[in-house]
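Lettering follows sequence order; numbering is per chain, from 1. Just so you know, these numbers come straight off a predicted model, no measurement behind them.
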Protein chains: 2
Amino acid sequence: MTARKATALDVAKVAGVSRSAVSMVLNGNIKGNVSREAQERIRAAARELNYLPNPVAVSLRNQRTATLGIVTDEIVTSPFAGRLVSGATNAALARGYMILVVDTEHIPGRDEPAIDALQHRRVDGLIYATGSLKPYSPTDPFRAQPAALANCFDPQDRLAAVVPDEVTGSRRATELLLQLGHRQIALLGGDDEHAALLREQGYRAAMENAGLSSRDQQVVVTGWDIDQGYQAAESVLQEPDRPTAVLAANDRVATGILLYAASAGIRVPEQLSVVGYDDQQNVAANLVPALTTVALPHAEIGAIAVNRVLDELEGGERRTERVLVPCPLITRQSTAPAA
Amino acid sequence: MTARKATALDVAKVAGVSRSAVSMVLNGNIKGNVSREAQERIRAAARELNYLPNPVAVSLRNQRTATLGIVTDEIVTSPFAGRLVSGATNAALARGYMILVVDTEHIPGRDEPAIDALQHRRVDGLIYATGSLKPYSPTDPFRAQPAALANCFDPQDRLAAVVPDEVTGSRRATELLLQLGHRQIALLGGDDEHAALLREQGYRAAMENAGLSSRDQQVVVTGWDIDQGYQAAESVLQEPDRPTAVLAANDRVATGILLYAASAGIRVPEQLSVVGYDDQQNVAANLVPALTTVALPHAEIGAIAVNRVLDELEGGERRTERVLVPCPLITRQSTAPAA
DNA sequence: TTGAAAGCGCTAACAC
DNA sequence: GTGTTAGCGCTTTCAA
């Protein structure tokens, strides 16, 4: 079973050629150097022996490990953006690379050792990925080798960054509500994090566009979690001329809003439309009622970031612009025409 | 900045010794072969040059990569057990290993290529980890090298497995409810997955123990998601002599129960106590009211599995028993004495 | 057209 | 006590 793996020498012996011929043929470096027949014999022998070059030896020789490193502040640990890592892994796998991930769990000072460890392992490229959208000023190692930012961005744009198009996402969500005839639409939850700012921008833009000035706009900042959504709803839905629709800062906030609405006897979507943000797995689609929400394209972000790094690595030039990935609006049961 | 890294030869030159002396000293293999002074000079030179052995070269030479592979069906992709991977990564890092993860996303047939890819990369050990507790029959590669199962187990116990102690967890949860004076306690949600079976076992054991026979026990099987928790609650809480406490199959089911209770005007915990399972991040602690629940020790499971593999790898003998990791009961606001 | 040889950076057996 | 040497498996230059 665990028979010693075949080496290039074994293949050469079987094919009756030299080790170097094997290497050349299998790497496509035959500058008219190996006869057709020999090539055939080599390929046949390789297939027969199930030969694959030992990646460790190749790495030592080529000074490349076919490995990318991801440093993240919380993606693996937290339940939200795991698909970023799997999107990245799949994109890497498709191009013959593997990924080494280190999660710093937001522990101060762990960034640098993590990057060091990855560099020590001779990764060919680096990605810094954050759980929530935020600015991140890349340290030297990121600027000295192929690298990209995922779900975060360099305020000075010295490094390629892949981020969700939050503004358009929340603008679209607001537009949906407006089209349904809602005029009193409130934005609930969130705080001063970057994503909240952008989502608010999109909301205000759509409202403005519909002729609803800031007097008609209502933003209640409480946070990102269920209980904070509950609080926000509590503070806004008790008044007699309450909003007929709310935009939640994310799906957890929406959950809190739904919880409050249920306890207050407010029927969703008949008396109140609710839109979330994230399309969180096992949450948005399973709430009661199922939640209309804006999806965060985490897998795509991871994949694009990886391809950016690999393009640069494989000879492309360095590009530093930000890529905005669209956030699709997903319509479910929590939204309905205004009464 | 990206100055060429120092090699053992550089260190040897600076210290005025041979390459091999450097290697021996830095690896602690001085069988009385190197003079004290030389040792000092070597260490000093290594420090000065910031020398670290190139792991790629060491791998090629030692036929070991200091890398472990994890194949998982959904841990990275799904939002639940990410801490298993980070627990594993941290445990590995602490012993000088790195981890390569491949998530098969439950796609049939992806297991084998994933394992192949990892083996091709010459990982020193393998871990198979599942998102939810289940039996898993390890394929040959797992039995041919140091390996362990995390959150799953070999029905034939040919391989070490690390799993949560689900039975004790739900027994404790039920006991808490009994101590609070509840007698009508229902178990809601779940299906025929292994975890559900064990959790039911614990529930029934505790009930039995309190003198409540199967006639007093009530199990409603609907599934693991929010909407299914809602359904289960709907079917059980409408009756006049409804339970005064419920055990949810997990925190999402508990969320659904809370949602139904709110809409039905049933106050938690005054009129109904609710206990969850998982202690899901950003959910359990943030529900309204904050959820009493049983924590799933994912990080610990990952760490123990890694240490099992590394122990075997570093000379320990192969052990194949199952390790049961305790599930701590976390008391919050959703439970109260029976009225 | 083919094969020999050097070398990536390291460790360990073996001579000195 | 110390240094030399032979590989680990591969790629690529260079000589035949």
Side-chain angles (χ1 to χ4, degrees), chain A residues 3-43 45-46 49-67 96 119-124, chain B residues 2-43 45-46 49-67 96 119-124 314:
Chain A
R4 190 182 124 282
K5 303 210 181 195
T7 74
L9 186 57
D10 299 325
V11 177
K13 274 187 200 151
V14 171
V17 298
S18 74
R19 269 223 298 304
S20 34
V22 174
S23 166
M24 292 180 143
V25 171
L26 265 31
N27 291 314
N29 276 358
I30 341 139
K31 306 200 186 95
N33 280 335
V34 183
S35 68
R36 290 226 159 277
E37 309 168 38
Q39 293 185 33
E40 260 328 297
R41 268 181 290 136
I42 289 173
R43 282 185 222 287
L49 295 179
N50 223 304
Y51 169 75
L52 283 177
N54 179 332
V56 178
V58 174
S59 295
L60 181 58
R61 167 69 225 213
N62 292 350
Q63 304 289 48
R64 293 196 158 202
T65 53
T67 304
Q119 291 227 298
H120 178 233
R121 286 284 184 144
R122 305 299 199 272
V123 294
D124 296 333
Chain B
T2 313
R4 191 181 123 280
K5 302 209 182 198
T7 75
L9 186 57
D10 299 325
V11 177
K13 274 187 199 151
V14 171
V17 299
S18 74
R19 265 221 305 301
S20 39
V22 174
S23 166
M24 291 181 143
V25 171
L26 265 30
N27 292 313
N29 276 358
I30 343 138
K31 307 200 185 92
N33 280 335
V34 183
S35 69
R36 290 226 158 277
E37 309 168 38
Q39 293 185 34
E40 260 328 299
R41 267 180 292 137
I42 290 173
R43 282 185 222 287
L49 296 178
N50 223 303
Y51 169 74
L52 284 176
N54 178 332
V56 177
V58 175
S59 296
L60 181 59
R61 168 69 228 212
N62 291 351
Q63 305 289 49
R64 295 196 159 202
T65 53
T67 304
Q119 291 227 296
H120 178 233
R121 287 285 184 141
R122 305 298 199 274
V123 294
D124 296 333
E314 294 175 352

| Nearest-Å distance, CZ (B:Arg122) to P (D:dG9)? | 8 Å
| Out of D:dC10, D:dT11, C:dG3, which nucleotide sits closest to the side chain of A:Val17? | C:dG3
| task | List for me each residue that meets side-chain contact (heavy atoms from CB on, under 4.5 Å) alongside B:Thr65, sequence neighbours excluded, and say none if there are none. | result | A:Val56, B:Ser59, B:Thr67, B:Arg122, B:Asp124
| Base, sugar-phosphate alone, or nothing: which one does A:Ala8 contact when heavy atoms must sit under 4.0 Å apart? | sugar-phosphate
| request: Among residues two or more places apart or on two chains, list those pairs meeting side chain to side chain donor-acceptor pair (under 3.5 Å) that have a residue in residues 15-24 of chain B. | output: B:Ser18-B:Ser20, B:Ser23-B:Asn27
| note | The side-chain contact (heavy atoms from CB on, under 4.5 Å) partners of A:Val17 (sequence neighbours excluded) come to A:Ala12, A:Ala15, A:Ala21, A:Val22, A:Ala38, A:Arg41, A:Ile42
| B:Thr7 versus B:Tyr51, closest heavy-atom pair with distance | C-CE1, 3.3 Å
| remark: Of all heavy-atom pairs linking B:Ala66 and A:Arg121, the shortest is O-NH2, 2.7 Å
| said: So, taking the atom named CG in A:Asp10 and the one named CG in A:Asn50, what distance separates them when rounded to the nearest 0.5 Å? | reply: 12.0 Å
| request: Could you state the atom-to-atom distance from CE of A:Met24 to P of D:dC14 in whole Å? | output: 12 Å
| Inter-axis angle, terminal five-pair segments of the helix from C:dT1-D:dA16 to C:dC16-D:dG1 [nearest 10°] | 60°
| message | What is the separation between atom CZ on A:Arg64 and atom P on D:dC10, rounded to the nearest whole Å? | response | 19 Å
| query | For A:Leu9 and D:dT11, what is the distance between atoms CG and P respectively, to the nearest whole Å? | reply | 13 Å
| field | side chain to side chain donor-acceptor pair (under 3.5 Å) partners of A:Glu37, counting only residues at least two apart | value | none
| message | C:dT2, OP1 or OP2 - any side-chain N/O from A:Ser35 closer than 4.0 Å? | response | yes
Name the pairs: protein N/O against N/O of nucleotides 5-8 of chain D, kept only if under 3.5 Å.
unit_1: D:dG7; atom_1: N2; unit_2: B:Arg61; atom_2: NH1; d: 2.9
unit_1: D:dC8; atom_1: O3'; unit_2: B:Gln63; atom_2: NE2; d: 3.2
unit_1: D:dC8; atom_1: O2; unit_2: B:Arg61; atom_2: N; d: 3.4

| field | Side-chain heavy-atom pair A:Lys5, A:Asn54 within 4.5 angstrom cut-off | value | no
| d(CG, A:Leu26; P, D:dC10) in whole Å | 10 Å
| request: Would you name the heavy atoms of B:Ala46 and B:Val11 that are closest together and state the gap between them? | output: N-CG1, 3.9 Å
| remark: To the nearest angstrom, the NZ-P distance between A:Lys13 and D:dG9 comes to 12 Å
| Hey, which of these two, A:Val56 or B:Arg41, hits DNA chain D nearer its 5' end, going by closest nucleotide? | B:Arg41
